[in-house]
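In what follows, every chain begins at residue 1, and chains take the letters A, B, ... in the order their sequences are listed.
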Amino acid sequence: MRDDPDIPRFRQLTEGPSVEIIFEGTRLTVPKGISLAAALLLHGLPAGRIGALSGSQRCAYCLIGQCFDCTMTIDGVPYRQACLTPVSEGMTAERQVA
Amino acid sequence: MTRDSFDLAIVGGGPAGLAAMDLADECGLSCVLIDENSSLGGRIFHGIETDGQDHLYGTDATWARTLVADAKHAGSILTGRTVFDITHHDDGPINIHILGDEGAETVLARRLLIATGATERPFAFPGWTLPGVMTAGGVQTLLKGAAVVPDGPVVLAGSGPLLLLVALQLKRAGAQIAALLDTTPAANAMAAAPLLASAAFSGFAVWRGLGLLMAIRAQSIPVYRGVTKLVAHGEDTVASVEFEHGRGRRRFECRLLVTHLGILPDTQAARLAGCRLRWEPALPGWVPIVDSYGNTSRSGIMIAGDAAGIGGAESARHAGRVAATEAATQLGAISMGERDHRIAPDLARLKRLGRERAFLDRLFLPPERLRVPTDDGTIVCRCEEITAGELRAQAAGGVCEINQVKAITRCGMGPCQGRVCGVLAADIIADAMGAAVESVGYLRVRPPLKPVPLDVLAARAEIATPPPEAAFLYTREG
Ligand SMILES: Cc1cc2nc3c(=O)[nH]c(=O)nc-3n(C[C@H](O)[C@H](O)[C@H](O)COP(=O)(O)OP(=O)(O)OC[C@H]3O[C@@H](n4cnc5c(N)ncnc54)[C@H](O)[C@@H]3O)c2cc1C
Ligand code: FES
């Protein structure tokens, strides 16, 4: 697997119920109800696709469903937008080339 | 699957769509509201349904909550669904094709109200595709929707009320703001000055803006004005931000750069539905042609709120009410006299709000030097990684129509369908040709509006014409 770049850090202001998701095989505890993009950012993980041309790692950019930089394979379905998809118990997510 | 038929279908659960829903119900129409977000509120009230963050919406929180609560009683709400196509045959109902977790469905409606709001104007500079560059609206969405804030130094850069608001909201949420780089040209204030008095007496925007500036000063956020030549440096991610201002070049170490250059109407659904657009020099940008009731060039299809031209949340609410009342009149639920009586206060308010918008538009008008990246290596199309230089080469070769440029270079052909790069590419080509931006045209939109699994498309033969581009199709199993 490629080295994960040092993406910007985020933290959450509130505390509440959580769910477990699986990102590329690793179990993560994340706040319930937030978007997958937000959840991955909280873990310092790149919430984004791998550029099809340059092979470079992208990260969620607009977070409102416009740019498609957050495109991922979610629960086995490719080309889904992590910024518009709320996390749910047992959800799986993988980066994809797009 | 085909759902029930409705009198009115509304796309977009922001202030425009929510207010329209409530009014339509009052007039006796059956309605459905569709939004791709998992909750209601639109952009400005994103996250309003979750408790504990009311301070983010200021004095608007109360009416926003009422709007959401009323809309929920007014008809069917379909959140978490994206509208990916709109088809309309002769006198039959309008078919609104939606995709959600349960697959694709079709909603039938006699009238359609597009209330899809606005998107942020692209701000392209060397390094803007690096992880660590995010839009102001995006960072605000993380805060409103997930209570997630940046940890570590943040630099904000660009121009417009939203940038200032987000700077303040982040600071109040405990983020460390290293600098606010204001790119608004000094000349803008002078040009906007004649519009100030009329704006100040028309609404609260000017006063709110002043309050915002004072709060930013009180929070001791370091502000740099007249900023140009922004660059994000870094190998794989942002490591530092460099820029020029009155006293020379400066550099800040930071991992997050938040950018903003104003907002533009989201015309994706309008163009898909075949509504005609016009050039609005005050933005500058393309806006759908609508009459004062929200009717477009396509019969049965209406547009309200920021999707019809930037007016802000209060305008959007009034415009939503007007459009719903007009739909009720067209469907015979209320008389024209009743319509005019109901919407007179809304129309009067919209007129006043228009005066403050004129001032804001002029004050934050983005100059060409910010809309056109000078460095040839700067990426324009984030999806297909097409650079400014490649576009300028097309312009030099005489290709000057945006859809032609797209066909040759693939700029705007990726999954985002030019949502981000469309206006940027037009600005670059116009600048290179020395032509007016409006002469370059705007990108045509083809169905599906967002990528759709192949099996969904196969089940819907009508959507497949004209044939969609490969980037929008995929098979479900990777
Ligand atoms: C990211 C962002 C943040 C903003 N924050 C503020 C703020 O804090 N304060 C402020 O005064 N103004 C803000 N604005 C300006 C904003 O445009 C208006 O204030 C207001 O939200 C406009 O209301 P509206 O009803 O026209 O549309 P919006 O509130 O933008 O709502 C449009 C809705 O349509 C939905 N939608 C769009 N396309 C589709 C589709 N194809 N299928 C299904 N659903 C769709 C979207 O998910 C969205 O929820 C913001 C704008 C943006 C882009
Ligand atoms: S981050 Fe832009 S579409 Fe999700």
When heavy-atom pairs shorter than 4.5 Å are enumerated against chain A, which of B:Asp101, B:Val149, B:Leu256, B:Val148 gives the highest number? B:Val149

Is a side-chain donor-acceptor pair under 3.5 Å present for B:Gln417 with B:Arg446? no

Is B:Glu102 salt-bridged to B:Arg81, going by a charged N under 4.0 Å from an acidic O? yes

Best-contacting candidate, A:Leu13, A:Ile34, A:Leu42, against chain B by heavy atom pairs under 4.5 angstrom: A:Leu13

Less than 4.5 Å apart, any side-chain heavy atom of A:Leu36 and any of A:Met91? yes

When A:Arg49, A:Gln66, A:Gln96, A:Gln81 are compared by non-hydrogen pairs under 4.5 Å with chain B, the top option: A:Gln66

Counting heavy-atom pairs under 4.5 angstrom with chain A, the leader among B:Gln53, B:Glu385, B:Arg382, B:Met134 is B:Arg382

Residue pair A:Phe68 / B:Pro451, side-chain heavy-atom distance below 4.5 Å: yes

Could you look at B:Thr141 and say if it's the side chain, the backbone, both or neither that has a heavy atom under 4.5 Å from chain A? side chain

Give the member of B:Asn37, B:Thr135, B:Leu142 that has the highest number of heavy-atom pairs under 4.5 Å with chain A. B:Thr135

Give the member of A:Cys83, A:Gly33, A:Cys59 that has the highest number of heavy-atom pairs under 4.5 Å with chain B. A:Cys59

Honestly, the part of A:Ala38 sitting under 4.5 Å from a heavy atom of chain B is both

Do other residues, nucleotides or ligands put more than 12 heavy atoms under 6.0 Å from B:Glu235 CD? no

At what distance, to the nearest 0.5 angstrom, does CG of B:Leu130 lie from CZ of A:Arg58? 9.0 Å

With respect to chain A, which residue among B:Gly138, B:Ala147, B:Ala175 yields the maximal number of heavy-atom pairs within a distance under 4.5 Å? B:Ala147

Side-chain contact test, heavy atoms from C-beta onward, threshold under 4.5 Å: evaluate it for B:Asp151 versus B:Arg255 and give yes or no. no

Segment of A:Pro86 engaging chain B (4.5 angstrom heavy-atom cut-off): side chain

